Amino acid sequence: MLRRRSKTAKVHRHETPGPQARSRRRARPEAPVPPQLRVRADPLAGGALEDVVLVTGFEPFGGERTNPSWEVCTRLPRAIAGLRVETRRVPCEFRRAIEVAAAAIEGLRPRLVVCLGLAGGRAHLCLERVAINVDDARAADNAGAAPVDEPIAPHGPPAYFATLPVKAAAAAMRAAGVPAEVSNSAGTYVCNHLMYGVLHFIAASGHGARAGFIHVPYAEEQVLDKPGTPAMSVATMARGVEAAIAAAATHAVDLKITEGTLD
Ligand code: PCA
């Protein structure tokens with residue numbers, strides 16, 4: 001990552017991120033990164049963050065009538081771990097999805113940003129570890145755009161890691177009885193595009209929010225005509241997302257447990 005923790009960060013696991021936790025996340029001006037990739041020295045320069053978690057879900061796409069990522073948003077409680085929950089529905093459109101999310105981040109100044117999207121065919125909730133700087137659409141988005149091998153941010157870094165504690169969140173979801181895992185690819189469609197765009201926007205603007213992406217499986221009613229395809233109830237997904245947000249709100253530092261894969 002571009003930002004490094006100070007040495008003292010390790011001893012403060014499991015604490016609620018407060019002003020001190022935020023200050024540990026500041027960029028070191030002397031860090032050996034190209035100037036155009038440096039984040040602002042003071043991530044709070046634009047004003048204090050609010051005790052808000054912004055959760056986004058997508059509109060339906062690909063011929064589906066619903067998108068469980070948005071259905072989950074409508075079922076979340078009003079507050080999680082002391083954070084007011086604000087939800088936004090984003091279009092399944094390259095560029096426009098980032099614009100809608102960025103406008104919400106600017107307006108709300110949330111402490112956490114959790115974007116949700118559908119990954120039809122996956123069986124578990126997936127905490128995405130990384131977003132890559134490429135669009136490679138297998139199908140047109142809802143506005144008819146199908147970019148192939150185009151950078152999301154021409155001068156941006158090749159990838160961003162999620163700044164949410166993905167392992168703590170996955171563990172918390174499983175502890176809540178919800179199948180969850182860390183994923184190492186958010187794909188190359190609008191979900192990866194939004195995750196990259198949100199992390200890039202936050203880094204470039206010095207906003208200071210921590211952000212990440214969770215892919216959800218099909219909802220049960222979506223697989224009635226898809227034999228052999230995994231599905232999960234929207235209620236279970238919502239329970240998992242709530243557990244993930246609570247874990248993110250209470251873990252300034254991620255757990256050091258393996259979620260690695262061999263392929
Ligand atoms: N899933 C798509 C885009 C919108 C959504 O919900 C994806 O995984 O890229």
Side-chain angles (χ1 to χ4, degrees), residues 54-76 87-104 113-153 156 159-162 164 166 169-170 179-201 211-223 226 229-234 236-238 240-241 244:
L54 169 65
V55 189
T56 70
F58 275 102
E59 66 184 8
F61 71 105
E64 296 289 330
R65 283 189 307 150
T66 61
N67 190 324
S69 67
W70 174 247
E71 300 305 317
V72 166
C73 290
T74 66
R75 289 174 187 237
L76 292 174
T87 59
R88 294 290 185 277
R89 193 175 190 253
V90 295
C92 185
E93 292 176 31
F94 291 102
R95 304 281 160 212
R96 187 87 193 105
I98 294 174
E99 287 168 14
V100 171
V113 181
V114 179
C115 301
L116 308 177
L118 166 65
R122 294 198 193 179
H124 285 41
L125 291 176
C126 291
L127 276 295
E128 298 296 348
R129 191 198 297 255
V130 62
I132 58 176
N133 189 7
V134 68
D135 291 330
D136 190 1
R138 204 159 56 180
D141 70 8
N142 284 359
V148 172
D149 293 351
E150 289 180 17
I152 299 167
Y160 281 100
F161 286 111
L164 296 183
V166 291
E181 63 190 4
V182 171
S183 158
N184 295 308
S185 174
T188 56
Y189 195 48
V190 185
C191 287
N192 172 75
H193 181 90
L194 177 63
M195 180 179 172
Y196 184 95
V198 163
L199 288 163
H200 188 62
F201 172 76
F213 197 100
I214 303 175
H215 261 125
V216 304
Y218 279 128
E220 287 156 332
E221 64 270 20
Q222 293 181 284
V223 299
K226 301 179 185 73
T229 308
M232 191 184 281
S233 79
V234 173
T236 302
M237 295 179 200
V241 170

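Read the numbers this way: they start at 1 and go in the same order the structure lists the ligands and their atoms. The model shown is predicted, which means the values in this text are computed figures rather than measured ones.
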- Query: Does T66 reach the main-chain N or O of P68 with its side chain, forming a donor-acceptor pair under 3.5 Å?
  - Reply: no

- What's the spacing between W70 CH2 and C92 SG if we round to 0.5 Å? 15.0 Å

- Message: Once side chain to side chain contact (heavy atoms under 4.5 Å, CB included) is applied, do any residues pair with V130, and if so which ones, sequence neighbours excluded?
- Response: A159, F161

- For V100, which residues count as a side chain to side chain contact (heavy atoms under 4.5 Å, CB included) partner, sequence neighbours excluded? V90, P91, R96

- Query: ring-ring contact (aromatic ring centres under 6.0 Å, His included) with H124: which residues, sequence neighbours excluded?
  - Reply: none

Are there any protein N or O atoms under 3.5 Å from the N or O atoms of ligand 1? List them with distances, or say none.
| residue | atom | partner | partner atom | Å |
| --- | --- | --- | --- | --- |
| ligand 1 | 1 (N) | L118 | O | 2.8 |
| ligand 1 | 6 (O) | N67 | ND2 | 2.9 |
| ligand 1 | 6 (O) | L118 | N | 2.9 |
| ligand 1 | 8 (O) | L118 | O | 3.2 |
| ligand 1 | 8 (O) | H215 | NE2 | 2.9 |
| ligand 1 | 9 (O) | V190 | N | 3.4 |
| ligand 1 | 9 (O) | C191 | N | 2.9 |

- Which of L116, T56, I152, L199 passes side chain to side chain contact (heavy atoms under 4.5 Å, CB included) with L194? Answer is T56

